[in-house]
Amino acid sequence: MASLLRLQALFSLRLATPRRLPSHLRCAAAVASPLPRRLPAAASNGSPEQRASETDLESGLYLVATPIGNLEDITLRALRVLKCAHVILSEDTRHSGKLLQHYNIKTPLLSFHKFNEREREPIILKRLHEGEAIAVISDAGTPGISDPGMELARLCATEKIPVIPIPGPSAAIAALSASGLPTEEFTFARLEVSAREAVTQIFYVPPHGIHQFLLDAASSFGDSRSCVIAREITKLHEEFWRGTLGEANEAFATRQPKGEITILIDGNSISIDETPSDDFLEHELRELMAKGHALSTAVKLVAEATSAKKKDVYALALRVFGK
């Protein structure tokens, strides 16, 4: 009986004694429960190595993708990095503050946008060289993709500072997945190069520019080309409008949509192996040159967008337009 009581006591003692998690899991475990407040700055004084150890993140620049609308669309890894970083570079600190407040993240924010990024870069690089872990976020999606961060990532790569992507939501991929258009191949390009592509085309369009974009798209792709206009993805007023570019111009002629817009345009149904006629190539060259492109640039764009060889397009251009 005494032996049994001793075993029970030892078992109870083992259960009551908390086990220390490995250092690389401590921040991850903290994310699973309400995130604790960060230590006061005075408690973080010390060498860069000590500070990096306290955050449990390796020194480097972390490009953290954030929700494009719904705050629940964020990964556990992103939350851990944002909680453990020394500082978070933010395109708009007021906007990002809502996300951090929602997840009780107390990491300091530092504004970092197109108007001050050149001024901030030397200070940020110095801190990175000293061993800090610095996170970068944009207002939505992945920093550096149509957002600040690209130049800073390039500088870090040049100076052999680790650049770590933390992937997450993408408006283009979310819109493509629900568009009903072919998804085997797609491109994210400009109109002049896209009209002859056989794959789905994806464009980010600001709300104030949608009318002009649709007019230009109909001119380049034709009124009958199918398209999908995705708006406010993951948000309360999420919308997927489907139709042709001609119908889109009519539908949005008197409508001014709000929020982030992703437009997807169906690929050209003509086989990519089909050789375009000289009349078609001449028409494409004229269109591009009428928009101000030099002859050499127009030739390059037409060759890239069709199955025609560049030398053949150039020869045709010389015959029709001269030098």
Between [X] and [Y], which heavy-atom pair has the shortest distance, and what is it?
X      : Y      : result
Leu128 : Cys156 : CD1-SG, 3.6 Å
Leu301 : Leu288 : CB-CD1, 3.8 Å
Val64  : Pro143 : O-CD, 3.3 Å
Val136 : Leu61  : CG2-CD1, 3.4 Å
Ala65  : Thr142 : CB-OG1, 3.6 Å
Ala175 : Phe240 : O-CE2, 3.8 Å

Could you check if a side-chain atom of [X] sits within less than 4.5 angstrom of a side-chain atom of [Y], using non-hydrogen atoms only?
X      : Y      : value
Phe252 : Ile210 : yes
His102 : Lys98  : no
Arg154 : Thr158 : yes
Ile137 : Leu89  : no
Ile261 : Ile229 : yes
Ile88  : Leu110 : no
Thr297 : Val299 : no
Val228 : Trp241 : no

Check: [X] side chain, [Y] main-chain N or O, donor-acceptor pair, under 3.5 Å:
X      : Y      : result
Ser219 : Leu215 : no
Thr107 : Lys83  : yes
Thr200 : Thr183 : no
His86  : Ile134 : no
Ser59  : Glu132 : yes
Asn249 : Leu245 : yes
Arg231 : Glu238 : no
Gln201 : Val199 : yes
Ser177 : Ala174 : yes
Glu284 : Val302 : no

Residue pairs, two or more places apart or on separate chains, that pass side chain to side chain donor-acceptor pair (under 3.5 Å) and touch residues 254-263: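 As it turns out, the side chain to side chain donor-acceptor pair (under 3.5 Å) pairs with a partner in residues 254-263, which skip direct neighbours, are Glu239-Arg255.
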
Should Ile265 and Ile263 be marked as a side-chain contact (heavy atoms from CB on, under 4.5 Å) after you check the CA-CA gap, both sets of side-chain angles, and the distance that decides it? CA-CA 7 Å; Ile265 301 178; Ile263 296 182; 4.1 Å; yes

From the options Val163, Leu63, Ile124, select the one residue that forms a side-chain contact (heavy atoms from CB on, under 4.5 Å) with Leu152.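 So the option named by the test is Ile124.
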
For the [atom1] atom of [X] and the [atom2] atom of [Y], what is their distance to the nearest 0.5 Å?
X      : Y      : atom1 : atom2 : value
Leu176 : Ser170 : CG    : OG    : 9.0 Å
Leu82  : Ile105 : CG    : CD1   : 5.0 Å
Met289 : Leu285 : CE    : CG    : 7.5 Å

Would one find more than 12 heavy atoms of other residues, nucleotides or ligands at under 6.0 Å from atom [atom1] of [X]?
X      : atom1 : result
Gln101 : CD    : no
Lys310 : NZ    : no
His283 : NE2   : no

Does either side chain, that of Arg120 or that of Ser111, offer a donor lying less than 3.5 Å from an acceptor on the other one?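 Yes, because at least one side-chain N or O of Arg120 sits under 3.5 Å from a partner of the opposite role on Ser111.
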
